[in-house]
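I'd like to ask some things about the structure below.
None of the values given here were measured: they were computed from a predicted structure.
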Amino acid sequence: MRSPVLLAAALTLPLLAACDDLGRNAAKIFPFLEKVDEDLAEPTVVCDPPFSSPTPRNGIVADIGCGSVVEGNNSTGSRVWGDSFYQTVFCTPQRNQYDNSPEDIYRLKVPSDYEAEVTLVSDCVDLDLVGVSWQERSIPGAEHRGAISQCDMDTSRKGGKLRLNAVGRDWYYLVGIDGKGGATGNYRLKVKCYTFR
């Protein structure tokens, strides 16, 4: 038999989710609600003032690796990727008006026989996470479709998570943060690595 508290919470969850403040207040009383619906969790990234991001060099904001934690704001990013690129290289079938948003692109080195768990937290605006397998120092475009062996994208609200791996040798990925419908805002990007062989 279910607990009356759990049953009451399950029945009121859809109502709470409709109102952010009400839902977040309920999650303070019933912390397990944050696990049921992440939108009820308190924001962990501040929205104002805007975080600063380094000026991209050749389109890349910075090199990152295992253990990296970076905070930034994609408003000063590049404008090299967008809906056409993401669809052409099979990142996502959706068109989310990415052309209207600049993207911050990081170069991630994953050590041989490790898997990198890349997590994006974007409480302020709807930013998405993309990982493109790419060994060059340049940034690929749609014309490089045949040379891109892997592209993964998480279009979840409030951030997302990707698992990117390297088998047999070190591997490089470009990790991008792009906004739906032109969205720009603060974010936090974390990289944790695990051996899987």
Item checked: Sequence-distant partners of Ser122, side-chain hydrogen bond (donor to acceptor under 3.5 Å, both in side chains), two or more places apart ->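 So Ser122 forms no side-chain hydrogen bond (donor to acceptor under 3.5 Å, both in side chains) with any residue.
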Check: Side chain of Asp113, backbone of Val167: donor and acceptor closer than 3.5 Å?
Finding: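 No, the answer is negative, given that no donor and acceptor are paired below the 3.5 Å cut-off.
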Item checked: Any side-chain heavy-atom pair of Val89 and Pro140 under 4.5 Å ->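 Val89 does not reach Pro140 side chain to side chain.
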Next item on the list: Using a 4.5 Å cut-off on heavy atoms from C-beta on, say whether the side chain of Val175 contacts that of Leu129.
Entry: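 In short, these two side chains touch, coming nearer than 4.5 Å.
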Notebook entry, point to check: Does Tyr187 reach the side chain of Val125, with side-chain heavy atoms less than 4.5 Å apart?
Noted result: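 No, their side chains stay 4.5 Å or more apart.
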Item checked: Passing candidate, side chain to side chain donor-acceptor pair (under 3.5 Å) with Trp171, options Ser112, Ser133, Ser149 ->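 Output: one option passes, namely Ser133.
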Note to self: For Thr155, is there any backbone N or O sitting under 3.5 Å from a side-chain donor or acceptor partner on Lys180?
What the structure shows: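 Yes, Lys180 side chain to Thr155 backbone: donor-acceptor pair under 3.5 Å.
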Note to self: Has Gln135 got a side-chain atom pairing as donor or acceptor with Tyr172's backbone, closer than 3.5 angstrom?
What the structure shows: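 Here the side-chain-to-backbone pair exists.
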Next item on the list: Write down the atom of Trp134, the atom of Ala147, and the distance for their closest heavy-atom approach.
Entry: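 Heavy-atom minimum between the residues: CZ3-CB, 3.9 Å.
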Item checked: Heavy atoms of other groups near Lys109 NZ, more than 12 under 6.0 Å ->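 Open: at most 12 neighbouring heavy atoms sit under 6.0 Å from NZ of Lys109.
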Next item on the list: For the residue pair Val130 and Cys151, establish whether any side-chain heavy-atom pair is separated by less than 4.5 Å.
Entry: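 Sidechains of Cys151 and Val130: in contact.
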Next item on the list: Report whether Leu164 and Val191 are members of the same hydrophobic cluster (ILVMFWY, side-chain heavy atoms less than 4.5 Å apart, transitive linking).
Entry: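 Same cluster.
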Checklist line | Any Asp128 side-chain heavy atom under 4.5 Å of Asp126 side chain | finding: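 They are in contact (side-chain heavy atoms under 4.5 Å apart), so the answer is yes.
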Margin query: Can a donor-acceptor pair be found, under 3.5 Å and without considering hydrogens, that links the side chain of Asn74 to the backbone of Asp178?
Written below: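 Judged by distance alone, no pair lies under 3.5 Å.
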Next item on the list: Please identify each residue that fulfils ring-ring contact (aromatic ring centres under 6.0 Å, His included) with Phe85, with sequence neighbours left out.
Entry: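 Per chain and number, Phe85 pairs via ring-ring contact (aromatic ring centres under 6.0 Å, His included) with Trp81.
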Next item on the list: Not counting sequence neighbours, which residues clear salt bridge (Lys or Arg N to Asp or Glu O under 4.0 Å) with Glu136? List them please.
Entry: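 Counting only residues at least two positions away or on another chain, Glu136 forms no salt bridge (Lys or Arg N to Asp or Glu O under 4.0 Å).
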Checklist line | Listed partners of Arg107 passing salt bridge (Lys or Arg N to Asp or Glu O under 4.0 Å), at least two apart | finding: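 Arg107: no salt bridge (Lys or Arg N to Asp or Glu O under 4.0 Å) contacts found.
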Next item on the list: Verify, without hydrogens or angle tests, whether Asp99 (side chain) and Arg79 (backbone) share a donor-acceptor contact under 3.5 angstrom.
Entry: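 Answer holds: no.
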Check: Going by atom types alone, do Tyr173 and Gln150 pair a side-chain donor with an acceptor below 3.5 Å?
Finding: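 Yes, Gln150 and Tyr173 have a side-chain donor paired with an acceptor closer than 3.5 Å.
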Notebook entry, point to check: Just by distance, do the side chain of Asp154 and the backbone of Lys161 share a donor-acceptor pair under 3.5 Å?
Noted result: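 Side chain of Asp154 to backbone of Lys161, a donor-acceptor pair under 3.5 Å: yes, one is there.
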When the side chains of residues 58-67 are checked against the rest of the protein, which donor-acceptor pairs come out under 3.5 Å, sequence neighbours left out?
none

Margin query: Would you say Asn73 and Thr184 are linked by a side-chain donor-acceptor pair, where the criterion is simply a distance under 3.5 Å?
Written below: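 Thr184 vs Asn73: no donor-acceptor pair found between side chains.
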Notebook entry, point to check: Short question: side chain of Gln97, backbone of Gly182 - any donor-acceptor pair under 3.5 Å?
Noted result: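 Checked: no pair found.
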Check: Can you find a heavy atom in the side chain of Tyr106 that is under 4.5 Å from one in the side chain of Ile177?
Finding: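 SC-SC contact between Tyr106 and Ile177 confirmed.
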Margin query: Test of understanding: with side-chain hydrogen bond (donor to acceptor under 3.5 Å, both in side chains), list the residues that count as partners of Asn165, not counting sequence neighbours.
Written below: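 Scan of Asn165 (side-chain hydrogen bond (donor to acceptor under 3.5 Å, both in side chains), adjacent residues dropped) gives none.
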Notebook entry, point to check: Would a 4.5 Å heavy-atom cut-off, applied to side chains only, mark Val70 and Phe51 as touching?
Noted result: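 A side-chain contact is absent here, since even the closest heavy-atom pair is not under 4.5 Å.
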